[in-house]
Amino acid sequence: MAQDLALAQSHAFALARTLMVPVTLFRSGDEFGVVVSDEIEADDDLDIIHEFDPYDRRPAH
């Protein structure tokens, strides 16, 4: 887990492009984490920040 949002976003994007699967950036408490999107369950107590999809060709904001 990381405490720097910019660093977590960078790692999430790189992980999605490396694995070629969607990954989700989330916050839990005061830290950020990344998990493969398929691993998230409805009852997980996570604050979802963004999902990085390696097949989405729209420009990043």
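Looking at residues two or more places apart in sequence or on another chain, you find no salt bridge (Lys or Arg N to Asp or Glu O under 4.0 Å) involving Asp4. Residues passing the salt bridge (Lys or Arg N to Asp or Glu O under 4.0 Å) test with Asp38, sequence neighbours excluded: none.
The shortest non-hydrogen separation linking Pro22 to Glu51 is CB-OE2, 3.7 Å. Contact between Val34 and Phe26 at its shortest, heavy atoms only, is N-CE2, 3.6 Å.
A 4.5 Å side-chain heavy-atom check between Val35 and Leu25 finds every atom pair outside the cut-off.
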Begin from the C-alpha positions of Leu46 and Thr24 and carry the test side chain to side chain contact (heavy atoms under 4.5 Å, CB included) through to its verdict. CA-CA 10 Å; Leu46 302 175; Thr24 299; over 6 Å; no
With side chain to side chain contact (heavy atoms under 4.5 Å, CB included) as the criterion, how do Asp53 and Val23 come out once you've worked through the C-alpha distance, each side chain's angles and the decisive distance to 0.1 Å? CA-CA 7 Å; Asp53 184 349; Val23 300; over 6 Å; no
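Counting Ile, Leu, Val, Met, Phe, Trp and Tyr side chains that sit under 4.5 Å apart, directly or through other members, Leu7 stands alone, with no cluster partners.
Summarising the geometry, atom CD1 belonging to Ile40 is positioned 4.0 Å from atom CD1 belonging to Ile48; distances are rounded to the nearest 0.5 Å.
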Distance-only donor-acceptor hits, side chain of residues 8-19, under 3.5 Å, sequence neighbours excluded:
unit_1	atom_1	unit_2	atom_2	d
Thr18	OG1	Ala14	O	2.8

